[in-house]
2 protein chains.
Amino acid sequence: MRVLEGRWKMIIIFHLFSEPVLRFSELERRIHGVSQKMLSQHLRELENDGLVQRTVYPEVPPKVEYRLTEVGQALCPALDAILRWTELRRDLPHAVAAANAEQS
Amino acid sequence: MRVLEGRWKMIIIFHLFSEPVLRFSELERRIHGVSQKMLSQHLRELENDGLVQRTVYPEVPPKVEYRLTEVGQALCPALDAILRWTELRRDLPHAVAAANAEQS
DNA sequence: CTGGATCCAACGAGATACTG
DNA sequence: CAGTATCTCGTTGGATCCAG
């Protein structure tokens, strides 16, 4: 379960979910604020954990594609559920604040 | 979404999911390896984020109960999906390893 | 274009001791 | 019982420079 730990991992997977094949620079552009180091590091970890497949095309200039593996795709329903939860959360933050206020 | 970041947060929520009301020491016993510091710190953060409700009984000895808020409970389907995914992952780690081996 | 290497700051997390 | 206070250390993450 610690496979998902890391500032950008879920975000990377989200992007590879909505856009099945992405190159390094495309991910970099889509994920605002990520550094090259963190992107490649997280991609390597996700690859080692079997969530992401890395395909290298021996060309000049180099071209590398990333896509989710079968296991990675199996995660999508779960991440979708989390995404929907975050949206739900924004819909009723007042109830939360009110409950906390009452409590104290 | 960073609300869930932290080594023990998901685990805490899992326990409050299967056992709706737990005291501090009960959580401490159930979560193997957590320190008091991390437990109370994560519980405070979860409380501030509106996922966990903290109830103090002004008794001697002190008694504090933790339970999920409505928002916290809404997370359970998502966490369940993740849990099921981790189990699925253990069922086909061979396919992953094989794919990696072929790739390289 | 796709990174690797290096350095550094900030944060997370554990161990330990102490308290109302 | 339910924490807080420190200290320390390892890890994470960012910036920058370099390379095939």
Side-chain angles (χ1 to χ4, degrees), chain A residues 1-16 19-49 51-69 72 100 103-104, chain B residues 1-16 19-49 51-69 72 100 103-104:
Chain A
M1 205 161 76
R2 312 200 51 178
V3 165
L4 295 179
E5 284 183 13
R7 176 80 179 79
W8 308 98
K9 286 200 183 158
M10 284 186 154
I11 300 177
I12 292 173
I13 296 174
F14 272 128
H15 282 277
L16 287 175
E19 195 92 21
V21 179
L22 285 173
R23 302 180 56 176
F24 187 86
S25 54
E26 292 174 328
L27 280 167
E28 193 178 0
R29 271 192 298 275
R30 273 157 225 260
I31 304 177
H32 187 68
V34 71
S35 64
Q36 288 187 330
K37 173 193 169 186
M38 293 316 300
L39 184 54
S40 74
Q41 180 179 314
H42 279 172
L43 281 170
R44 250 182 292 122
E45 291 171 6
L46 289 172
E47 188 192 0
N48 291 334
D49 288 332
L51 301 199
V52 164
Q53 182 194 349
R54 182 169 177 268
T55 310
V56 181
Y57 295 89
E59 300 174 352
V60 175
K63 175 179 170 183
V64 181
E65 287 180 351
Y66 295 91
R67 73 194 70 202
L68 293 179
T69 63
N100 287 344
Q103 192 66 16
S104 64
Chain B
M1 203 161 78
R2 310 200 52 178
V3 165
L4 295 178
E5 284 183 13
R7 175 80 180 78
W8 308 98
K9 287 199 183 161
M10 284 183 146
I11 301 177
I12 291 173
I13 296 174
F14 272 128
H15 282 277
L16 287 176
E19 196 92 22
V21 179
L22 286 172
R23 303 179 56 175
F24 187 88
S25 55
E26 292 173 326
L27 279 166
E28 193 179 359
R29 271 192 298 276
R30 273 156 225 258
I31 302 177
H32 187 68
V34 73
S35 63
Q36 286 189 328
K37 172 196 168 184
M38 291 316 300
L39 183 54
S40 75
Q41 180 179 314
H42 279 172
L43 281 171
R44 251 182 293 122
E45 291 171 4
L46 289 172
E47 187 193 1
N48 290 335
D49 288 331
L51 301 198
V52 164
Q53 183 193 348
R54 182 169 178 270
T55 311
V56 182
Y57 296 89
E59 301 173 356
V60 176
K63 175 179 171 183
V64 181
E65 287 179 350
Y66 294 92
R67 75 194 68 204
L68 292 180
T69 63
N100 287 345
Q103 193 66 14
S104 61

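Computed from a predicted structure; not experimentally measured. As a basis for the values below, the full set of heavy atoms in this structure was taken, side chains included, without hydrogen atoms, waters or symmetry mates. The sequence lines fix the lettering, A, B, ..., with proteins before strands; numbering per chain opens at 1.
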The contact string for nucleotides 5-20 of chain D, one letter per nucleotide 5' to 3', using protein heavy atoms under 4.0 Å with B, S and - for base, sugar-phosphate only and none, comes out as -B------BBB----B

Look at all strands and tell whether A:Y66 reaches a base, only sugar-phosphate, or nothing, counting heavy atoms closer than 4.0 Å.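 Counting heavy atoms under 4.0 Å across all strands, the contact made by A:Y66 is with sugar-phosphate only.
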
Rounded to the nearest 0.5 Å, how far does [atom2] of [Y] lie from [atom1] of [X]?
X	Y	atom1	atom2	answer
A:H42	A:K37	NE2	NZ	9.5 Å
B:E28	B:M38	CD	CE	13.0 Å
B:H15	B:M10	NE2	CE	13.5 Å

Between [N] atom [atom2] and [X] atom [atom1], what is the distance in whole Å?
X	N	atom1	atom2	value
B:L27	D:dG3	CG	C1'	13 Å
A:R29	C:dG3	CZ	P	14 Å
B:I31	C:dA13	CD1	C1'	15 Å
A:I12	C:dT2	CD1	C1'	15 Å
A:E65	C:dG3	CD	C1'	16 Å
A:Y57	C:dG3	OH	C1'	18 Å
B:R2	C:dC11	CZ	P	11 Å
B:L39	C:dA13	CG	C1'	13 Å

Taking only side-chain N and O atoms of [X], does any of them lie within less than 4.0 angstrom of OP1 or OP2 on [N]?
X	N	result
B:R23	D:dA2	yes
A:R54	C:dT2	no
A:S40	C:dG4	yes

A:L46 and A:Y66, any side-chain heavy atoms less than 4.5 Å apart: no

Which heavy-atom pair separates [X] from [Y] by the least distance, and what is that distance?
X	Y	result
A:Y57	A:E65	OH-OE1, 3.0 Å
A:E19	A:L22	CG-CD2, 3.5 Å
B:L39	B:V34	N-CG2, 3.9 Å

Salt bridge (charged side-chain N to carboxylate O under 4.0 Å, His left out) partners for A:E45, two or more places apart: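 For A:E45 the salt bridge (charged side-chain N to carboxylate O under 4.0 Å, His left out) partners, ignoring immediate neighbours, are A:K9.
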
Per the end-axis method with five pairs at each terminus, what is the bend angle of the helix from C:dC1-D:dG20 to C:dG20-D:dC1, to 10°?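 That helix has its two terminal axes inclined by roughly 50°.
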
If the threshold is 4.0 Å, N to carboxylate O, is there a salt bridge linking B:R2 and B:E5? yes

